[in-house]
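Sequential numbering from 1 along the given sequence is applied to the chain's residues. When a ligand or atom number is given, it counts from 1 through the structure's own listing order.
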Amino acid sequence: MKTNTNNKIKSYGQGPYNTKGMALYSTDGHFKPIQFQRRALGPKDVAIKLEYCGICHSDIHHGLGHWKKEIFPLIPGHELAGVVVAIGANVNKFKIGSRVGIGCLVNSCRHCNQCLEGFEQYCEKGPILTYGSTDRDGSITQGGYSTLNVVDEDFVINIPDLIDLAYAGPMMCAGITVYSPLRKWNVGPGKKVGIVGLGGLGHMGVKLASAMGAEVTVLTTSKDKINDAKQFGAKHVIINENGINLSAHRRSLDFILDTVPYQHDLDRLISLLKMDSTLCLVGVGKVTESNQLNPFSLVSSRSSFAGSLIGGIKETQELVDFCASHKIKPEITKITTKEIDDAWDKVINKKARYRFVIEIN
Ligand code: NAP
Ligand code: ZN
């Protein structure tokens with residue numbers, strides 16, 4: 001593990017830490033600077049100077065109030081990457097200078113069956129999310145569009161030296177969210193896998209499923225992404241605009257991972273599954289817009305319709321190590337903190353290629 005013992009790192013104490021961030025004050029999608037404090041270190045906490053944070057479509061759903069009533073000011077960001085600058089008395093996994101990532105989770109009950117099995121994201125009591133959750137001290141968690149975070153070491157991911165920190169951020173959510181279902185549904189050699197939506201999650205899905213040995217088909221609404229999809233490892237690309245007839249591809253796929261963030265037609269996707277196969281939804285749109293699903297789509301080929309939520313901490317470390325060993329990295333565009341509003345507009349309009357990553361300064 002790389003260590004960095006320069007004077008700048010030595011100057012960080014045990015906190016609390018004055019922190020700067022970019023916050024939303026309402027659902028208008030307009031960011032403004034904010035100053036706030038991160039808590040002083042508990043015995044198992046690490047303080048992390050953040051260097052990068054990816055922009056996930058979930059940040060947009062939260063920020064624009066697509067899912068629930070949010071508490072403002074809200075600092076989004078759950079694809080964090082940075083360097084440990086201070087450690088609590090009982091920290092043993094990290095040291096000052098460790099290169100680390102934080103994803104969507106910063107704590108969970110740690111006692112329920114799911115937590116004990118490493119599925120903290122499905123914690124019975126509900127996991128504490130990186131932003132917009134009530135933390136153990138009663139404060140509201142704030143995310144990675146900020147200069148520093150304090151997190152329990154059990155929820156921190158080690159980033160191997162082979163991975164540049166700028167690329168590590170998007171692995172923390174986009175990467176693990178597709179890796180976990182690809183593993184759960186045994187994607188590998190001999191399997192034909194459909195990835196729907198070539199965005200932040202989708203492009204990582206293509207790279208990972210290809211690296212696992214599957215034959216990948218991308219379903220995209222964007223004709224200008226065809227070449228990219230093939231470069232990322234897809235063997236076939238289907239243009240999935242409403243009205244386009246997909247019957248030529250009926251019952252051709254063993255598994256479909258659907259990353260589309262807004263309302264769309266599920267019946268036409270289910271029709272692409274072979275008998276006894278699964279469509280897994282990871283894209284979650286506005287709660288006010290549900291996708292129609294005709295029961296005949298499922299019963300007529302004994303198909304399964306499933307969902308999956310990010311991944312646990314152990315599995316996230318596994319994904320990062322898989323990316324390091326297979327030389328997989330996200331396609332990123334670095335932006336400054338002043339460009340977040342514009343980047344959100346581009347993500348909503350399918351213009352991200354394929355993940356915006358904020359350089360924290
Ligand atoms: P993204 O970068 O915006 O990618 C989504 C892609 O879906 C777009 O690039 C586009 O691909 C397609 N798309 C967008 N709008 C569409 C529409 N109205 N109809 C059809 N296709 C559309 O988003 P992301 O960051 O990958 O996130 C995708 C979704 O997953 C979001 O809903 C997000 O909240 C959710 N998510 C879920 C989890 C989880 O744990 N389940 C974790 C992270 C994110 P094409 O141009 O190829 O059509
Ligand atoms: Zn995310």
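- Inclusion of Gly285 in the set of residues having an N or O under 3.5 Å from an N or O of ligand 1 is not warranted.
- Between Tyr145 and His78, the gap from one ring centroid to the other reaches at least 6.0 Å.
- When heavy-atom distances to ligand 1 are checked against a 4.0 Å cut-off, Lys225 comes that close only through its side chain, counted from C-beta outward.
- Near Gly283, the atoms of ligand 1 lying under 4.0 angstrom from a non-hydrogen atom of the residue are 29 (C), 30 (O), 32 (O), 35 (C).
- Residues Asn158 and Val320 have side chains not in contact (no heavy-atom distance under 4.5 Å, counting atoms from C-beta outward).
- In terms of N/O distances under 3.5 Å, ligand 1 is approached by His61.
- An N or O contact shorter than 3.5 Å links Gly200 to ligand 1 by distance.
- Considering both main-chain and side-chain atoms, Tyr354 never comes within under 3.5 Å of ligand 1 through any nitrogen or oxygen pair.
- In terms of polar-atom proximity, defined here as any N/O pair under 3.5 Å, Tyr262 makes no such contact with ligand 1.
- With waters neither drawn nor counted, the protein N/O/S atoms under 2.8 Å from the Zn ion (ligand 2) amount to 3.
- Tyr122 and Phe119 have tilted rings, their planes meeting at an angle from 30° to 60° on a 0 to 90° scale.
- Among all heavy-atom pairs drawn from Leu246 and Ile239, the shortest one is CD2-O, 4.2 Å.
- If you look at Trp344 and Phe356, their ring centroids are not closer than 6.0 Å.
- When heavy-atom distances to ligand 1 are checked against a 4.0 Å cut-off, His264 has no atom that comes that close, whether in backbone or side chain.
- The shortest N or O to N or O distance between Val282 and ligand 1 is under 3.5 Å.
- Remark: minimum distance from atom 7 (O) of ligand 1 to any protein heavy atom is reached at Pro261 CD, 3.4 Å.
- Under the 6.0 Å cut-off for aromatic ring centres, Tyr25 and Phe31 do not qualify, their centroids lying 6.0 Å or more apart.
- No N or O atom of Leu309 sits closer than 3.5 Å to an N or O atom of ligand 1.
- Of all atoms in ligand 1, numbered sequentially from 1 with element shown, those under 4.0 Å from a heavy atom of Trp67 are 34 (O).
- Comment: Asp152 engages Arg110 in a salt bridge, judged by a side-chain N to carboxylate O separation of less than 4.0 angstrom.
- Residue, atom and distance of the protein heavy atom nearest to atom 20 (C) of ligand 1 are Val260 CG1, 3.5 Å.
- The salt bridge (Lys or Arg N to Asp or Glu O under 4.0 Å) test with Glu153 is passed by exactly one of Lys93, Lys44, Lys95: Lys44.
- Between Lys314 and Glu120, no side-chain nitrogen of the basic residue sits less than 4.0 Å from a carboxylate oxygen of the acidic one, so the salt-bridge criterion is not met.
- On a distance-only criterion, Cys173 and ligand 1 share no N/O pair closer than 3.5 Å.
- Of all protein heavy atoms, the one closest to atom 16 (C) of ligand 1 is Lys350 CE, 3.6 Å.
- Remark: minimum distance from atom 45 (P) of ligand 1 to any protein heavy atom is reached at Thr220 OG1, 3.3 Å.
- At a heavy-atom distance under 4.0 Å, atoms from both the backbone and the side chain of Leu201 approach ligand 1.
- In this structure a side-chain-to-backbone donor-acceptor pair under 3.5 Å is missing from Arg38 to Pro16.
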> Could you go step by step and tell me if Arg183 and Asn186 meet the side chain to side chain donor-acceptor pair (under 3.5 Å) rule?
Replying inline: CA-CA 5 Å; Arg183 283 292 189 223; Asn186 299 316; over 6 Å; no
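- For the pair Gly21 and Phe36, the tightest heavy-atom approach, listed with the atom from each and the gap, is N-CE2, 4.2 Å.
- By the 30° and 60° cut-offs, the orientation of the rings of Trp185 relative to Phe255 is parallel.
- With hydrogens and angles disregarded, no donor-acceptor distance shorter than 3.5 Å links the side chain of Asp59 to the backbone of Pro76.
- Set against the non-hydrogen atoms of Ser58, the atoms of ligand 1 under 4.0 Å away are 33 (C), 34 (O), 35 (C), 36 (N), 43 (C), 44 (C).
- At a 4.0 Å cut-off, at least one heavy atom of Cys56 sits close enough to ligand 1 to count as contact.
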